[in-house]
Amino acid sequence: MTTSPFQVTSRLVKDVAIVYPRGYLNNLSGEGLVNECGKHARAGMKKIVVNFRETDLINSIGISFLLNIMEDLQTAGGTLCFTEMKKVHLDTFEMLGLTKYFLFFPDEQATLQALRTQGG
Amino acid sequence: MPLTGVPAKDYLNRDNEISYLRRLADMRQDGLAVNVLLLGTRGVGKTELLKQVFRDVFWEGREVVPFYYSFKTAALKSSTFARDYFTRFFKQYAAYVKKEPLLVDDAGMSLNRLMPVLSSAGLDWMLDIADAFQEHAVSGDLYGQILAAISAPAAAAKRGGRRILVMLDDFAASEDLHEVRRGDAPGLASLFEESMKNSLCPHIITGSPAARLEGIFSDPSLRKDIERMQLLPLPEDTSFSFFDSLLRKMHITCEMREALGLIRTVRGNPLYLKNMAKAAWKTMKKELREKDLAECYCLDVLDGETAFYWSSVLSEQIRTKGLLRTMLKLLMRRLTKAGTDDEARLSQVLGIRDAELGQAMEILDGNGLGSHADPVFEDFVRALYMREIEGRSAGEIRELIGERFGVQRDSSRFEMVIPMTDQAELVAARAVEQIGKNINLEPDLLNYIQLALVETCINAIEHSGSYEKKIYLTFLSTPEQLEITIESPGRPFSLDTLRESAVEEKLASGRKRGWGFTLIRKIMDEVRVERVHDRTRVTLVKKIRNKEALK
């Protein structure tokens, strides 16, 4: 595990915002991720994908931030998807009994395909 | 013999428990505490804790009279028990008032001879209580007699103005109270209900096995107003300090690194440590090395105090040699074969008749002996099995037990201190990554261990509230397991205070927090939290199974 300083970037693919958290997702960086997702939600984006390709570690506080993002988006009638999660992160969600509350996809293409099928 | 405990300076790492129990009478009277059920494995020091509390309360002069009664040595025929309980209470009360410790254990002091002593101490009102007891005895009213004995502390508290701290040791044996023969009057222990309800005489109750004790307190009459206090084994450094203090009294020296193997094998059990120190003394050596301690261990498990202790526990339940052999076969089967065989299969495999097997299983499981995770007890069973069933010689057995003792010694230990600052937990995570690589752990497994460690450090940072702002870590790796201890000064923390709430409940809450320890417990094989002096110590253990180490 190598942990880089946290950064978050994003890009838009039509009506989908893809967010890239990089580094260690914890109490400090969680706020950054919430802000980035909130920015897209406020701009009217209903579909947000978080790509964890460059996320090294997610601690339990980071998970609570992800739950808050999901709750905010669901309240606004949106959808939150996770993609390219490492095995340890997926297992963490599994261990906590949280997998049924999120949509997981192996890669961006599969995520975008699923969101297109979903329509809206 | 409540005043014969080890010196307070040698009784380590139980300050919090002693302090709480000493104040129990005050807190009970103020409605802040209830009776205490003191739980812990055999040999962990429950009796010793009661002795320490007794001594402190006896001498501190807060107008609280300590009363200690052990059911282990008690005669359990009801009439005899009633007189014994009553007399011992009176002796200890008089000893407290007169500050004459010798009275506590004065076996020659009968109830009649005690009367002038009580009178001379200005305790004439106690004579009335004694008269009421004697009346029941004379009229042959057995229940009246038992009740009068059991309620003597409450009556004395009311009449004498001093509260009584009642300490009942080996209480599991109270199940065997009987009128004429064992089993003819079940449930007599429930007669303690009234006495336990009285806020002027709080009770501390202990004994082994915990399951049997819990069984007694599942009775509706007793289960109210009782809280559980769990006595944990001593941590490694405290275990060594205790062991070292015993050795020094015998002018024997031993370095901690030499004793570490023994300390880990006995898992912080003070009884075993005491027995091993005695075994060391018998070797006549002045300086102990690891191999000497291995020798002490083998001797003790085969023929020493530990062997004697476990033999006594077994012989309390087993009356015939045939049943002992059945029991040993059954225990060895459980030690060597993981998983549970059904009774029919066991009977077939072990060649034992169903009835005898059923009897052995009932005794083992009923006394908490069947599912033991105590390596010393296991070695005792192995040694006894080799002698009784396989007919091996003592020398052979010592060699075989000695080989097992040596297996766990191949270990590496690292220590580090990290500040309680943002992301310091990542430094600890990097350290465990390298330690894991050194022992060829699979990367996936390492990721999980790192996560558990990160969570524990975050918990320490968030909850310690200490000015010291440091976390102390030790990493101990052996071919069998990786053990990490994380110590933080400041506020105490206990797993008992954690409430496992449902996922839905957490999701509905505002902060959606509280996943850390759920995660840690899912990842690690063992999670222990203990208070060591002014620090909270969390110990994380991960067993390394074959497929988890890279070839």
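Lettering follows sequence order; numbering is per chain, from 1. Keep in mind it's a predicted model, so treat the numbers as computed, not measured.
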Check your understanding: So do B:Asp422 and A:Asn26 actually touch side chain to side chain, heavy atoms under 4.5 Å?
Key ->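 No. Closest side-chain heavy atoms not under 4.5 Å.
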Review point. Does the side chain of A:Leu115 come within less than 4.5 Å of A:Cys81's, by heavy atoms?
Key: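 Contact flag for A:Cys81/A:Leu115 side chains = yes.
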Review point. Under a 4.5 Å heavy-atom cut-off, does chain B meet the side chain of A:Ile58, its backbone, both or neither?
Key: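 Just its backbone gets close to chain B.
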Point to revise | Contacting moiety of A:Leu96, where chain B heavy atoms sit under 4.5 Å | key: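 A:Leu96 touches chain B through backbone and side-chain heavy atoms alike.
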Point to revise | salt bridge (Lys or Arg N to Asp or Glu O under 4.0 Å) between A:Glu108 and A:Arg11, intermediate numbers included | key: CA-CA 12 Å; A:Glu108 273 186 13; A:Arg11 69 184 180 107; 2.6 Å; yes
Point to revise | Part of B:Leu446 lying under 4.5 Å from any heavy atom of chain A | key: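 Nothing of B:Leu446, per the 4.5 Å heavy-atom cut-off to chain A.
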Practice item. Report yes or no: do A:Thr55 and A:His89 form a side-chain donor-acceptor pair below 3.5 Å? Key: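 There is no such pair (donor and acceptor under 3.5 Å, judged by atom type) between the side chains of A:Thr55 and A:His89.
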